[in-house]
J.: 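This structure is in C-alpha cells; I'll ask about it shortly.
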Amino acid sequence: MLASLTALMLADQNAHRNAPAEEFRGVWIATVDNIDWPSKRGLSTADQRQELRSILHSAAALHLNAVLFQVRPAADTFYPSKLEPWSEYLSGVQGVGPNPRWDPLDFAIRESHALGLELHAWINPFRARHASAKGPLAPNHAANSMPDAVRAYGKQLWLDPGSPQARDHTLAVVEDLVTRYDIDGIHLDDYFYPYPIRSAGKYVPFPDSRGWLAYRGSKNHSQWRRANVDGFVHDLYRLVKKLKPWVKVGISPYGIYRPGTPAGIRSSVDSLQDLSADPVRWLKKGWCDYLSPQLYWQIDKPAQSFTTLLRWWNTQNPRGLAIYPGLFTSQIGEQFGNWPADEIIRQIYAARALGSKGAIHFSARALVHDFKHIRHALLEGPYQSAAKVPKLTKSRSPRAPL
C-alpha cells in the first residue's frame, strides 16, 4: 500500500494539469486568544477591517475557496447578538462592541463572497471562557445569565453538555446565525466535553455530577455523556437543514478516534471516552455534511501517521460523505513544530491519492505570514490552479434519526 500511495503522490505532483476541478480548500481563521485575527485586542475599527480584508484576500490569492471564521470562541461573539456578549478578543472588554460600530461577520461574508470564497461560521459549542481571557465576564454572559448550566474546569468555563439549558442555548445561537446571515456553513470544532486535565498524575473529573445523578436511565456515565453530545449534533443538523437546507454542517473532531485505532496508533486522548465525541457515529448516521478530523501529525511518524489515520477515517464513511482532513500548517513555523514546508505539500497530495476532495489548513497565520515560503510551495504545487468547492454529497438514504 505504501508503494502504491507513493506512486500516486508522485504522479499527482508531476501532473498539475490533472489537479481536481473541484476541491475544498479551506483555512481556519482563529480569533480565540487573537491567534489569527485581530492581531491584538482593542484595535481601531479601521485596523480590524484592514487586517481581516488582508487575510481574506491572501486566501483568495492562494486559490483557496473557503474560510472557516471563528465567530463564537467562548460563548461570546464577533457579531452583534442579543444572546451573547461581544468578545473581549475584539474590543479588549467582553460585552463592549467595536467603536465605531461594525459587524465583522457581515463584513467577512460580503468580502469573502466577492472574492469567490465560501464563509463557514465556526463556533465552539460548549466552551464558555478560555484560559487566555483577561477581563471580567459581561453581565449577559452565560456564566451570569444561566449559572446552573456552566461549570468551571481547570482555568476555563464550560457550558455543560449534560444540561438541556446549555444545549438549547447553543442551538439558539446557531438558529440566530443561520437565520440572520448569508453563511455557507456552520462549523463545529473538537470542544464538546473538555480535554481531560491531570493533577498529581490523576485525571480531574469534569464536574457534571448534578446532571448525572438526576439521570434515571439505563446508560452508564460515559454513555450518558455521549448521548448528550449525540443529541446535540443530531438536533443541530436537523435545525440547520430546516432553516436553510443549502447551509453545510461541518465538524472537526480530534483526529484519533481511540488509542490503538487503527492498530499501532498511540494517543493520550480518547475521543470517545474523554471528549464524549463519537464522530464515527455521526458519519454513519449522516449528521453532518463534511467531517474534518484534525490529523495534526506527520506522514512518517508511525504512532500517529497522517496517512494511516486518514485511510482509517475513510473506511468509517458508509454514506460517502466528504472527509476533508485538517492540516496543522502552522507547525512549519520555527516557533511551533518547525516542520519542513514540504510536509504540508505531501499531505495534500496524499489526501488526494486517498480519495479526499479537499483539506483545511490550521491556521491562517501560517499562510498570511508565509511560514517557510509555504505560499510559493502551494502555488507551484497542489494549488497551482483554482478549484471549485465540491457539491454536497447526497446520501443514499435519509439522515438517520437519533
Side-chain angles (χ1 to χ4, degrees), residues 28-52 55 68-108 121-161 163 165-166 169-170 172-174 176-177 180-181 187-195 197 199 204 206-207 330 335 362-365:
W28 280 290
I29 301 175
T31 57
V32 67
D33 199 19
N34 303 98
I35 290 175
D36 293 320
W37 180 85
S39 60
K40 61 182 180 180
R41 299 161 171 85
L43 285 179
S44 69
T45 292
D47 286 342
Q48 290 171 357
R49 283 175 177 266
Q50 182 53 43
E51 284 189 356
L52 186 52
I55 291 172
L68 297 90
F69 182 35
Q70 189 177 34
V71 298
R72 191 216 189 206
D76 54 356
T77 70
F78 278 78
Y79 58 93
S81 170
K82 294 180 180 179
L83 299 173
E84 295 182 317
W86 284 100
S87 175
E88 78 165 62
Y89 300 116
L90 185 67
S91 67
V93 179
Q94 189 179 88
V96 175
N99 187 21
R101 188 177 179 84
W102 73 301
D103 184 340
L105 175 54
D106 179 68
F107 175 87
W122 163 21
I123 71 168
N124 296 77
F126 295 109
R127 187 171 64 200
R129 183 174 173 86
H130 190 264
S132 64
K134 295 181 172 62
L137 295 172
N140 64 330
H141 184 270
N144 292 320
S145 63
M146 43 192 286
D148 288 345
V150 176
R151 311 281 176 254
Y153 188 63
K155 296 180 180 179
Q156 304 193 71
L157 296 178
W158 291 85
L159 288 162
D160 182 356
S163 163
Q165 185 182 21
H169 176 73
T170 299
V173 170
V174 171
D176 182 50
L177 279 167
R180 291 171 51 208
Y181 290 97
H187 185 83
L188 307 179
D189 56 24
D190 53 322
Y191 293 102
F192 295 96
Y193 280 84
Y195 282 78
I197 297 171
S199 178
V204 177
F206 181 70
S330 291
Q335 68 272 47
F362 186 84
S363 66
R365 60 183 168 185

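Note: hydrogens, waters and symmetry copies are ignored here, and every other heavy atom, side chains too, is used.
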J.: What is the minimum heavy-atom distance between Pro85 and Asn140, and which atoms define it?
T.: CB-OD1, 3.3 Å

J.: Under 4.5 Å between any side-chain heavy atoms of Leu90 and Pro104, yes or no?
T.: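 A side-chain contact under 4.5 Å exists here.
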
J.: Working to the nearest 0.5 Å, report the span between CG of Leu43 and CD of Gln50.
T.: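 So the gap between those two atoms works out to 11.5 Å.
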
J.: Give the minimum heavy-atom separation between Tyr89 and Pro38, together with the two atoms involved.
T.: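 Scanning both residues completely, I find the closest heavy atoms to be O-CG, 3.3 Å.
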
J.: Indicate yes or no: at least one non-hydrogen side-chain atom of Ser199 is less than 4.5 angstrom from one of Val204.
T.: yes

J.: How far does CH2 of Trp158 sit from CZ of Phe192, to the nearest 0.5 angstrom?
T.: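 That separation rounds to 10.0 Å.
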
J.: Looking at Ala74 and His141, what are the two nearest heavy atoms and their distance?
T.: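 Looking at all heavy atoms of both residues, the shortest contact is O-NE2, 3.6 Å.
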
J.: Tell me every residue that passes salt bridge (charged side-chain N to carboxylate O under 4.0 Å, His left out) with Asp47, counting only those two or more places apart in sequence or in another chain.
T.: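 Scan of Asp47 (salt bridge (charged side-chain N to carboxylate O under 4.0 Å, His left out), adjacent residues dropped) gives none.
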
J.: If you take all heavy atoms of Leu83 and Ala172, which pair is closest and at what distance?
T.: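 Here Leu83 and Ala172 meet closest at CD1-O, 3.6 Å.
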
J.: Measure from the side-chain N and O atoms of Asn144 to the backbone N and O of Ala138, and report whether any donor-acceptor pair falls under 3.5 Å.
T.: yes

J.: Any idea which heavy atoms bring Val32 and Pro73 closest together, and the distance?
T.: CB-CB, 3.8 Å

J.: Side-chain contact test, heavy atoms from C-beta onward, threshold under 4.5 Å: evaluate it for Leu177 versus Ser81 and give yes or no.
T.: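 When only atoms from C-beta onward are counted, Ser81 and Leu177 do not touch, as no gap falls below 4.5 Å.
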
J.: Output the distance between atom CD1 (Ile29) and atom CG (Leu68), rounded to the nearest 0.5 Å.
T.: 8.5 Å

J.: Can we call the ring centroids of Phe126 and Tyr191 under 6.0 Å apart?
T.: no

J.: Return the set of residues passing ring-ring contact (aromatic ring centres under 6.0 Å, His included) with Tyr181 (not counting sequence neighbours), or none when no residue passes.
T.: Tyr79

J.: Do Glu84 and His169 have side-chain atoms, one donor and one acceptor, less than 3.5 Å apart?
T.: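 Yes, a side-chain donor-acceptor pair sits under 3.5 Å.
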
J.: So, are Glu88 and Arg41 salt-bridged, with charged N and O less than 4.0 Å apart?
T.: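 Between Arg41 and Glu88 there is a salt bridge, with a charged N closer than 4.0 Å to a carboxylate O.
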
J.: Can you tell me how far apart CZ (Arg151) and CG (Asp160) are? Round to the nearest 0.5 Å.
T.: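 If we round to the nearest 0.5 Å, Arg151:CZ and Asp160:CG are 4.5 Å apart.
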
J.: Say whether Gln94 and Ser87, considering side chains only, have a donor N or O and an acceptor N or O under 3.5 Å apart.
T.: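 There is no such pair between these side chains.
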
J.: Can you list everything that forms a side chain to side chain contact (heavy atoms under 4.5 Å, CB included) with Ala131? Sequence neighbours excluded, please.
T.: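 With neighbours one apart ignored, the set is Lys155, Gln156.
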
J.: Evaluate side-chain contact (heavy atoms from CB on, under 4.5 Å) for Tyr195 paired with Asp190, printing each intermediate quantity in order.
T.: CA-CA 9 Å; Tyr195 282 78; Asp190 53 322; 2.5 Å; yes

J.: Do Val173 and Thr77 have side-chain heavy atoms sitting under 4.5 Å apart?
T.: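 Contact flag for Val173/Thr77 side chains = no.
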
J.: Using modelled atom types only, decide if a donor and an acceptor are shared between the side chain of Tyr153 and the backbone of Ile197 within a distance under 3.5 Å.
T.: yes

J.: Quick one: does Val71's side chain get under 4.5 Å of Trp122's, heavy atoms only?
T.: no

J.: Please walk me through it: do Phe69 and Leu105 pass side-chain contact (heavy atoms from CB on, under 4.5 Å)?
T.: CA-CA 8 Å; Phe69 182 35; Leu105 175 54; 4.2 Å; yes

J.: Is any side-chain heavy atom of Ser163 closer than 4.5 Å to one of Met146?
T.: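 Side-chain contact under 4.5 Å: no.
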
J.: Run the side chain to side chain donor-acceptor pair (under 3.5 Å) test on Asn124 and Gln70 for me, step by step, so that the C-alpha distance in whole Å, both residues' side-chain angles and the decisive distance to 0.1 Å come before the verdict.
T.: CA-CA 8 Å; Asn124 296 77; Gln70 189 177 34; 2.8 Å; yes

J.: With rounding to the nearest 0.5 angstrom, report the CG to OG distance, Asp76 to Ser91.
T.: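 Result: 10.0 Å between the selected atoms.
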
J.: Looking only at heavy atoms, what is the nearest atom pair of Arg72 and Pro125, with distance?
T.: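 For Arg72 versus Pro125, the nearest heavy atoms are NH1-O, 3.0 Å.
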
J.: Applying ring-ring contact (aromatic ring centres under 6.0 Å, His included), name anything that partners Phe78, two or more places apart in sequence or on another chain.
T.: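 Applying ring-ring contact (aromatic ring centres under 6.0 Å, His included) to Phe78 gives Trp37.
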
J.: Hey, does the side chain of Thr45 reach the backbone of Pro100 with a donor-acceptor pair shorter than 3.5 angstrom?
T.: yes

J.: side-chain contact (heavy atoms from CB on, under 4.5 Å) for Leu52 and Gln48? Distances and angles first, verdict last.
T.: CA-CA 6 Å; Leu52 186 52; Gln48 290 171 357; over 6 Å; no

J.: Among residues at least two apart in sequence or on other chains, which ones pass salt bridge (charged side-chain N to carboxylate O under 4.0 Å, His left out) with Asp33?
T.: none

J.: Can you tell me how far the OG1 atom of Thr31 sits from the NE2 atom of His130, to the nearest 0.5 Å?
T.: 10.5 Å

J.: Which residues satisfy the salt bridge (charged side-chain N to carboxylate O under 4.0 Å, His left out) test with Asp36, sequence neighbours excluded?
T.: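 Salt bridge (charged side-chain N to carboxylate O under 4.0 Å, His left out) check on Asp36 returns nothing, list empty.
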
